[in-house]
Amino acid sequence: MAVVEETGTYIGAPVKRKEDVSLLRGRGTYVDGLTLPGMLWMAVVRSPYAHARIESIDLTAARAAEGVVAAYSGADLADDWVGGLPCAWPVTEDIKMPPHYPLASEETRYQGDPVAVVIAESRALAKDAAELVDVTYAPLPATADVEKALADGAPLVHEDLGTNECYVWKLETDDVQAAIDAADVVVTRRYMQPRLIPNAIEPRGVLAQVDPTGEVTVWSATQTPHIQRFALQLVLGIPESKIRVIAPDVGGGFGSKIQVYGEAPLAVAVARRLGRPVKWIEERAENYLGTIHGRDVVHELTFAATKDGDITAVKSEAWCAMGAYLELVTPGIPLLGAWIYSGPYDIPNYSVTFTGVFTHTTPTDAYRGAGRPEATYVLERTMDALAAELGIDRVELRRRNFVKEFPHTMASGLTIDSGDYHASLDKLLELLDLDSIRAEQESRRSSGDVKQLGVGFSTYNEMCGLAPSRILGAIRYAVGGWESATIRFQPLGSVQVVIGTSPHGQSHETTFAQIVADQLGIGVDTIDVIHGDTASSQLGLDTYGSRSLAVGGIALHHAGEKIIEKARAIVAHQLEVSEDDLEFSGGAFSVKGSPDRSLTIQEAAFAAHTAHNLPDGMEPGLEQTAVFDPPNFSWPGGAHAAVVEVDTETGDTRLVRYVAVDDVGQPVNPMIVEGQVHGGVTQGIAAALYEEGDYDDDANLLTTTMTTYLVPSAAELPSYETALTETRADNPLGVKGVGETGTIASAPAVINAVVDALSHLGVTDIQMPATPERVWTAIQEATS
Amino acid sequence: MRRVALSVNGTRHELDVEPRDLLVYVLRERLGLTGTTVGCDTSSCGSCTVLVNGESVKSCTMLGVQADGLELTTIEGLARNGELHPVQQAFHEHHALQCGYCTPGMVLAAVSLIEAGEATDEDAIREGLEGNLCRCTGYHNIVQAVSAAAGVS
Ligand code: FES
Ligand code: FES
């Protein structure tokens, strides 16, 4: 495995995690474990109706209840807001952007829309009193279905917009229709990808304190402390310079803790009014209603191909549920997949259209993979459909269309810097032993076994490492995509690394320490990684889109280069040699040709702090910051396969094997990389087989607990087989990112396997999730 | 208020609790043992798992008053003399935690499973941990860790 620096011993090594020391002992600092003197509790009252006019809100009984300090409706707090909750991604010029305030005051637009808050001396008393808030609603018609929402006469989510169509966005090359018209074969398929509810095991939570001088401190279960800080200014008018946001230990997010939810400004507003700290902790039932959902997209995908299997055009149309309001990046989620509807294949003609649609549902936003699982799912399902149509082997069809040379500029316009899709597929086939699976499948088919076997493939790529700021600007995203890092030597040689991205399970403390340890030739244990607090890390754009390593890691590498440069100048000065005469290796600068004349970087750091003998004009201290704006996205890819067993009598599907081969560039810590693959793959498998956020015809959410929304346990899943192939990304560490690969690749592999298991019965499609009922019905329909 | 006496991690506590207070909140908010976490309101996730007289129990399914006279172990009480319990150590070795939120409950459920002699193979471990959800790890490394701690392959 390639090692980046000659001094390297850490990059590429499965270093055990620093994070575990506290977490394993129950000493994590999740928000719900934090208590401040005089702290109050906030409970949120939510609309039980998907759509209703609020006729009145009577807070009298709640305010009179035991332990209650205050209760507020939306009207009571209207003057606390200088702006609405921000949406940072108006994807088109004429996008419809409805106002969205922390509390609804005239109309509620999804079940769970907050209408009032109650603040009391304890969690239980706040909750009790919330039950006493008397809201009179006039229910209105509602719809949770994107297609129905676009129909004439559909109930409108925002009456004054006159439509439920939020935007239409298009990316198209010139000759798509001509290519389709000229094709030997055209395959069009329609897919529904259900709502997914992220279900971080730690619910959301906020603790806010406002001191008498107006300084605000917010502890939040968030992926994005820096984004929270500027959003709080936008909503509350408090200057960012007076706001400190701390993301302590955060118990998972998967995209659902990126957003700026109303509860944070509510807690600050209420804490400011009452002069006491206020805490709000989400309950699981609230989480299902009040935290963003993912997916909920209808697609129509067309492939045009020659009879030999060269795909000549891809055309996608998608109708994407926004939910009732636009959260931080709601409209932009489909766009995160917009450039990869050709996946790892070289397809010359390209057309993608998204229609954003308001429905009376919980807003959608980023859920692991965000836009890329949606694209990959329809692409990989249709690859199988095209293979069947052409009578070409599914694996061969993929191989035939793979991009073969890098860098490769796709028809969609972006350039993939590196990859080797054949290598991943070869490795996958080697691990899979396809022949014996096929033989077993054949024998079960011919014996008419109740339990049929299927194997499914998914070859994929994805764009992550979000993101080049200029590109973000061009696609109307409101902020940049750079990241920052600081390396600070203390006088006696220990090192603080301050990073702008804030983890929630991704192992930043270990991974980033490994990078610095190798580059500077010091032990990982002398390095402390500081993150998640806007007071210590002023510059940052936080964690999402598999960006921490591919963007933040490179910033850190550049900070390390600056450290070495300054230390080199100090050592050259002290040893009275020219800088060019020094070589840096193993943490020490030595004079070329006389290795006994050397100083360690820690000695240079001490000298930098005493400042007794520095070059003229040099500032004391050894601390350097770098900010890195990536010139391109990063492009992981790979090949996955699922093997399933389907009970043809009950429809019950069991995943028996899952093999994942990924190219994530240089792995910094293969143990952590593998862990990310496991977790990611599991969320895609869960989407394929178990999970679905389901609304009834009146837009009432039916899946509001962990007993109705089926997050899989260990008992439903097998152990996984994983491997890495490696092409280096075009950045100094060669890294690409791994947080989302598994989720992007896995759902189509599993559904392709289910369909394969039943293809001899005539089944050609099964909608996700492949529940026993859906599978059973598909078998009945195909065989009747 | 009702007076209860319970032993937690070897320390005896006497305190007045509201009859409706769940054990998990007595541990977290009255005794400051915030290592036991809360992930749901339907007894589904298992993050609140503790040992009650040696057996794993979801502490959100018990009232504080029901713990009167019982001996409890929470995640804070598992390490001895600064040394991690073998299950904790195995979680560290096998990277069986990411965000760590489910971890206290998962570790205690695993301790109980192993001590009951039920962690006999991978399938048994998977079945035995069915009541504990983890959203980060996909369970692969958790199963590896528990297998290693239980001495099964
Ligand atoms: S908190 Fe989820 S089972 Fe107890
Ligand atoms: S480690 Fe995050 S939920 Fe298990």
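Worth saying up front: this structure is predicted, and the values here are computed from it rather than measured. Chain naming here is simple, since letters A, B, ... match the order of the sequence lines and numbering starts at 1 in each.
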Using a 4.5 angstrom heavy-atom cutoff, name the option from A/Arg368, A/Gln683, A/Glu716 with the most pairs to chain B. A/Gln683

Tell me, out of B/Thr37, B/Leu33, B/Leu84, who's got the most heavy-atom pairs with chain A below 4.5 Å. B/Leu84

Chain B interface, residue from A/Ile672, A/Val21, A/Thr29, A/Thr707 that has the most non-hydrogen pairs under 4.5 Å: A/Ile672

Using non-hydrogen atoms and a 4.5 Å limit, figure out which bit of A/Val250 sits close to chain B: side chain, backbone, both or neither. backbone

The reported gap from CD in B/Gln88 to CG in A/Leu23 (rounded to nearest 0.5 angstrom) is 11.5 Å

Can you tell me if CZ on B/Arg80 sees more than 12 non-hydrogen neighbours from other groups inside 6.0 Å? no

Between A/Arg17 and B/Gln98, the two heavy atoms sitting closest are NH2-O, 2.9 Å

Part of B/Ser47 within contact of chain A (heavy atom distance under 4.5 Å): side chain

Option in B/Thr103, B/Val143, B/Leu133, B/Thr42 with maximal non-hydrogen atom pairs under 4.5 Å from chain A: B/Leu133

Within 6.0 angstrom of B/Arg30 CZ, more than 12 heavy atoms from elsewhere: yes

Nearest heavy atoms of A/Asp20 and B/His92, plus distance in Å: OD2-ND1, 2.8 Å

Can you tell me how far the SG atom of B/Cys102 sits from the CD atom of A/Glu202, to the nearest 0.5 Å? 12.0 Å

Interface moiety of A/Asp249 toward chain B, non-hydrogen atoms closer than 4.5 Å: neither

Tell me the closest heavy-atom pair linking A/Met706 and B/Cys45, and the distance in Å. SD-CB, 3.8 Å

Go through A/Ala686, A/Gly253, A/Pro203, A/Gly742 and name the one with the most non-hydrogen pairs under 4.5 angstrom from chain B. A/Pro203

Once the angle between the rings of B/His140 and A/His678 is folded into 0 to 90°, is it parallel (under 30°), tilted (30 to 60°) or perpendicular (over 60°)? parallel

Among residues 4-25 of chain B, residues within the sub-4.5 Å heavy-atom range of chain A, in order of number, are B/Arg20, B/Tyr25

Counting heavy-atom pairs under 4.5 Å to chain A, which of B/Pro104, B/Cys40, B/Gly128 comes out on top? B/Cys40

Donor-acceptor pair, B/Tyr139 side chain versus A/Pro712 backbone, under 3.5 Å? yes

Chain B contact via A/Ser713 - which portion, at a heavy-atom distance below 4.5 Å: both

Chain B contact via A/Ser507 - side chain, backbone, both or neither, heavy atoms under 4.5 Å: side chain

Go through the steps to decide whether A/Leu24 and B/Phe91 satisfy the test side chain to side chain contact (heavy atoms under 4.5 Å, CB included), and finish with yes or no. CA-CA 8 Å; A/Leu24 273 171; B/Phe91 269 56; 3.7 Å; yes

Segment of A/Pro198 engaging chain B (4.5 angstrom heavy-atom cut-off): backbone

Indicate the atoms forming the closest heavy-atom contact of B/Cys99 with A/Gly252, along with that distance. CB-N, 3.4 Å

Sequence neighbours left out, what pairs pass salt bridge (charged side-chain N to carboxylate O under 4.0 Å, His left out) with at least one residue falling in residues 125-147 of chain B? A/Glu691-B/Arg135, B/Glu122-B/Arg126

Looking at B/Gln144, B/His94, B/Glu93, which has the largest count of heavy-atom pairs under 4.5 Å with chain A? B/Glu93

Among B/Gly35, B/Gly100, B/Gly39, the residue with the most heavy-atom pairs under 4.5 Å to chain A is B/Gly39

If the threshold is 4.0 Å, N to carboxylate O, is there a salt bridge linking B/Glu76 and A/Arg27? no

Pick from A/Leu717, A/Thr35, A/Thr705: which one has the most heavy-atom pairs with chain B under 4.5 Å? A/Leu717

Side-chain touch B/His95/A/Lys16, heavy atoms, less than 4.5 angstrom: no

Most contact-rich option vs chain A, by heavy-atom pairs under 4.5 angstrom, among B/Ile142, B/Leu97, B/Thr34, is B/Leu97

Donor-acceptor contact below 3.5 Å, side chain A/Tyr30 vs main chain B/Tyr101: yes

Report which part of A/Pro718 has an atom under 4.5 Å of a heavy atom belonging to chain B: side chain, backbone, both, or neither. backbone

Top contributor to chain B contacts, counting heavy-atom pairs under 4.5 Å, from A/Pro503, A/Gly26, A/Ala714: A/Ala714

Donor-acceptor pair, side chain of B/Asp41 and main chain of A/Ala285, under 3.5 angstrom: yes

Given that the side chain runs from C-beta out, which part of B/Leu78 has a heavy atom under 4.5 Å from chain A: side chain, backbone, both or neither? neither

